[in-house]
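Everything below concerns the one structure shown next.
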Protein chains: 2
Amino acid sequence: MTAQQPATAAGQTSPRGRATVAVRQSSLRESNLAALVAAVCASEVPPSRADLAASLGITRATASRLADELVEAGLLDEVTREQVGPGRPARPLVPGERVVALGLSVDVDQLLVRAVDLRGRLVAERAAPLPEGDAGAVLAGLAELARSVRQGLRGRIVVGSGVAVPGVVADRRLLVRAPNLGWSEVDVPAHLPTVSGRRAVVGNEADLAAVVEAEPVPGRAGPWSDFVHVTARVGVGGAVVSGGQVVVGEHGAAGELGHVCVDPHGPRCPCGSTGCLERYAGLEALAAASGLAPERVATDLGVRAAEGDPRCAEALAILSWSLSIALASVVNVVGISSVVLGGHLAQLEPFLHDDLAHRLQQRVLGSRWDPVRLRPALADPGVAATGAAFLVLEDVITSPATWLPTVRG
Amino acid sequence: MTAQQPATAAGQTSPRGRATVAVRQSSLRESNLAALVAAVCASEVPPSRADLAASLGITRATASRLADELVEAGLLDEVTREQVGPGRPARPLVPGERVVALGLSVDVDQLLVRAVDLRGRLVAERAAPLPEGDAGAVLAGLAELARSVRQGLRGRIVVGSGVAVPGVVADRRLLVRAPNLGWSEVDVPAHLPTVSGRRAVVGNEADLAAVVEAEPVPGRAGPWSDFVHVTARVGVGGAVVSGGQVVVGEHGAAGELGHVCVDPHGPRCPCGSTGCLERYAGLEALAAASGLAPERVATDLGVRAAEGDPRCAEALAILSWSLSIALASVVNVVGISSVVLGGHLAQLEPFLHDDLAHRLQQRVLGSRWDPVRLRPALADPGVAATGAAFLVLEDVITSPATWLPTVRG
DNA sequence: GATTTAAGTTCTACCATCAAACTTATCTGA
DNA sequence: TCAGATAAGTTTGATGGTAGAACTTAAATC
């Protein structure tokens with residue numbers, strides 16, 4: 001899902017990564033504008049025009065002209081830096097703070113709308129309980145919530161909106177099915193207002209959470225660019241991130257870690273298979289094994305197990321065992337040896353880490369050369385909404401020319 | 001492995017797919033040359049200069065000028081087409097047949113060298129038994145064999161050589177480890193002659209077989225661009241192809257389908273884990289279960305089972321069961337629902353197809369909406385060598401400008 | 001206050017593409 | 001047989017974006 005387009009420097013490319021359309025003079029400019037914005041967003045310290053010229057391999061003249069246009073349009077901001085040495089002082093550039101995107105999220109229990117700026121900062125946020133009714137009613141409520149957030153964004157350049165949904169998404173638009181909401185074949189953008197004339201883009205919530213995990217700030221890579229993201233809540237979902245990109249698969253349904261087979265002789269799963277990971281690591285299974293109420297699992301299971309509660313210790317051991325089998329298979333197949341644990345697994349991570357790492361070490365083929373790394377996910381229950389906004393902001397970084405006034409003559 | 005670079009229209013991009021280096025006038029030309037060559041290679045019917053101009057969105061003038069340069073350099077050939085209607089007759093273009101690449105392959109039992117032209121045709125081939133000795137001795141033998149094949153290629157433009165090896169490859173160069181050969185940390189290109197001043201590029205044999213499966217002719221997509229390729233020979237290997245590209249993973253070790261866990265309570269595997277697919281679908285396991293000699297498994301197992309031999313039928317059932325569990329997990333995670341069966345599985349495919357398809361249908365999450373497709377691999381034991389040559393030919397398609405005379409003034 | 005250093009700007013040259021007119025080669029039909 | 005139609009390919013000058021080099025600006029240093 002989330003179909004992060006394989007953005008290229010200039011021109012369209014086929015799925016195989018070869019150019020299918022020729023490039024012209026103007027694409028040259030567009031692609032250099034994109035390179036400039038990407039460089040500014042990716043940089044830890046705000047670069048000057050001269051820095052950009054050097055790092056991108058263009059002349060200062062060209063870098064300066066392009067940067068001026070971007071500053072003029074508000075896509076970049078100029079900041080002042082305290083002088084550090086001789087020479088004319090630089091005018092460093094940072095991502096434009098007037099640029100914001102809306103991130104919408106539909107979950108099983110609430111609606112959430114966030115506004116995030118190009119620097120990745122949360123500008124506004126509003127939540128509401130899930131309205132009663134069908135997809136139309138719920139999305140009408142979401143549209144209303146989004147409108148109210150937009151009210152408070154006067155003076156900003158609202159570049160678009162993204163939506164996170166708990167289901168399979170095709171083509172960044174169609175929600176094919178969302179079992180937990182009971183929806184199928186919903187054309188989500190059709191129910192939402194356009195922003196600056198642009199339709200909302202749609203993504204799967206687990207994928208969007210992984211986007212933020214991979215890139216905590218739009219356009220700037222996080223510490224890990226290749227990892228498997230497992231999110232356990234009621235069900236178990238996940239995403240595979242490779243080279244900073246979420247792997248979406250043929251029909252946008254990749255990342256179904258919950259239904260990797262842990263034990264073919266294990267319990268039946270409603271999906272039709274047997275011994276799926278979800279039957280061991282899902283909330284229901286953990287509650288049953290530990291004797292805890294479902295809402296206490298995330299907070300109490302680890303602590304109780306550490307205190308010596310035998311049922312909790314047993315539940316934690318089964319969790320670790322089942323995760324190790326499923327994750328080892330995934331790691332062997334996709335060749336990625338970093339794992340991010342999300343949902344209630346994030347809170348249990350301190351109690352799981354050593355045992356799970358040890359078990360993975362035994363089952364992962366390349367672990368002798370490259371040990372498996374484990375990390376808890378960001379502790380933000382609304383990440384998916386942020387990820388949805390990032391989806392739009394990444395588009396701005398990829399093709400900033402769209403947002404420039406087309407002055408011809 | 002096989003690190004197929006995510007080739008872009010113009011300029012370099014980061015792993016995240018954003019431009020890191022600006023593009024200049026000359027990149028424009030380079031990228032349009034590449035687009036032209038790619039279009040000619042991808043086309044079923046040879047396109048004229050006017051066809052190319054229309055499909056790429058450039059003027060006939062530009063298309064013509066670029067095409068002339070490519071024809072001049074031998075990268076494209078002009079053919080004559082019988083006239084079909086009024087107007088000046090077109091001079092259709094096809095990939096240049098003088099352009100050939102060498103594909104080398106080291107296997108556990110033999111050396112193989114092929115020469116393949118830009119149209120994907122096998123031009124020459126020579127095989128030799130595996131020489132005694134260490135990596136140096138074996139690669140010296142391979143170099144000698146390559147030299148002898150090159151002798152017969154006078155008048156051709158030999159653009160480079162690729163090498164297929166049965167092991168993990170890093171950076172298209174270093175053979176990290178090859179258990180079946182007992183090699184590790186071998187800098188393969190260092191032992192081989194350069195071709196036109198270019199070092200050989202190295203890839204994993206399973207990945208290279210998948211490359212040919214995805215693109216039977218260089219630059220022209222085959223029927224499937226997203227599939228899981230399982231190859232069972234002595235061991236069980238594989239590759240995941242997504243969007244026509246082989247998924248290589250963080251360290252080039254992706255695609256280890258042989259060590260996906262089928263049953264955690266299953267037999268121990270030398271890899272340190274338990275119940276790996278290789279313990280069920282590997283040649284040794286099949287021979288033991290069926291009572292057949294290892295070399296007869298591929299040819300006889302299916303026939304004997306169909307004739308009613310109970311041990312063979314049992315062995316086939318276990319094979320199908322174990323494949324279904326492992327493949328279902330892979331398909332759920334990477335979201336790809338096409339499977340190509342290679343090695344001895346290709347020959348067994350007719351006997352496996354129905355039962356395996358049925359089992360997968362039950363275990364794969366999205367199979368109700370998108371049934372899993374099964375297909376046997378190409379019946380060519382030397383595909384890997386062809387794939388190695390393709391690796392080089394794809395580079396020519398991606399950046400043909402490298403092969404043009406640099407006329408400046 | 002002269003000198004050094006480096007950022008940013010201005011100007012001309014270059015080069016690849018575009019647009020449009022032009023040439024060439026074949027078919028069509030009287 | 002030959003003019004007309006049709007479409008491929010070519011030539012010409014214009015356009016637009018970057019390169020290169022000289023120039024201006026602003027601060028630190030001595």
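In what follows, every chain begins at residue 1, and chains take the letters A, B, ... in the order their sequences are listed.
The interatomic distance linking A:Leu52 (CG) with C:dA6 (P) rounds to 18 Å, in whole Å. As a whole-Å value, the separation of B:Leu66 CG from D:dA8 P is 18 Å. In this structure, A:Leu33 atom CG and D:dG16 atom P are separated by 16 Å, rounded to whole Å. Counting to the nearest Å, the C1' atom of C:dA16 and the CG atom of B:Leu36 are 14 Å from each other. Distance CG (B:Leu28) to C1' (C:dC18): 12 Å, rounded to an integer number of Å. The separation between A:Leu93 atom CG and C:dA7 atom C1' is 12 Å, rounded to whole Å.
Take A:Pro223 and apply the side-chain contact (heavy atoms from CB on, under 4.5 Å) test, not counting sequence neighbours, and it matches A:Arg375. A:Pro95 is linked by a side-chain contact (heavy atoms from CB on, under 4.5 Å) to A:Val40, A:Cys41, A:Leu118, A:Arg119, counting only residues two or more places apart in sequence or in another chain. With sequence neighbours left out, A:Thr402 forms a side-chain hydrogen bond (donor to acceptor under 3.5 Å, both in side chains) with no residue at all. For B:Ala124, the side-chain contact (heavy atoms from CB on, under 4.5 Å) partners at least two apart in sequence or on another chain are B:Ala115, B:Val149.
Contact check of residues 37-45 of chain A against DNA chain C (heavy atom, cut-off under 4.0 Å) returns no residues at all.
Taking 4.0 Å as the cut-off between side-chain N and carboxylate O, B:Arg172 and B:Asp395 count as a salt-bridged pair. Between A:Arg98 and A:Asp117, none of the side-chain N atoms (NZ, or NE/NH1/NH2) sits under 4.0 Å from a carboxylate O, so this pair counts as no salt bridge. Using a cut-off of 4.0 Å between Lys/Arg side-chain N and Asp/Glu carboxylate O, B:Glu97 and B:Arg156 are scored as not salt-bridged.
One finds a side-chain N or O of B:Asn32 lying less than 4.0 angstrom from the OP1 or OP2 phosphate oxygen of C:dT17.
Taking only side-chain atoms of A:Thr59, from C-beta outward, the nucleotide of C:dA16, D:dA19, D:dG17 with the closest atom is D:dA19.
Using a 3.5 Å distance cut-off with no hydrogens or angles, the side chains of A:Asp51 and A:Ser48 do pair a donor with an acceptor. With no hydrogens or angles considered, a side-chain donor-acceptor pair links A:Thr386 and A:Arg114 at under 3.5 Å.
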Report summary line: Going 5' to 3' through nucleotides 8-14 of chain C and flagging B where a protein heavy-atom sits under 4.0 Å of the base, S where only the sugar-phosphate is that close, and - otherwise, we get BBB----
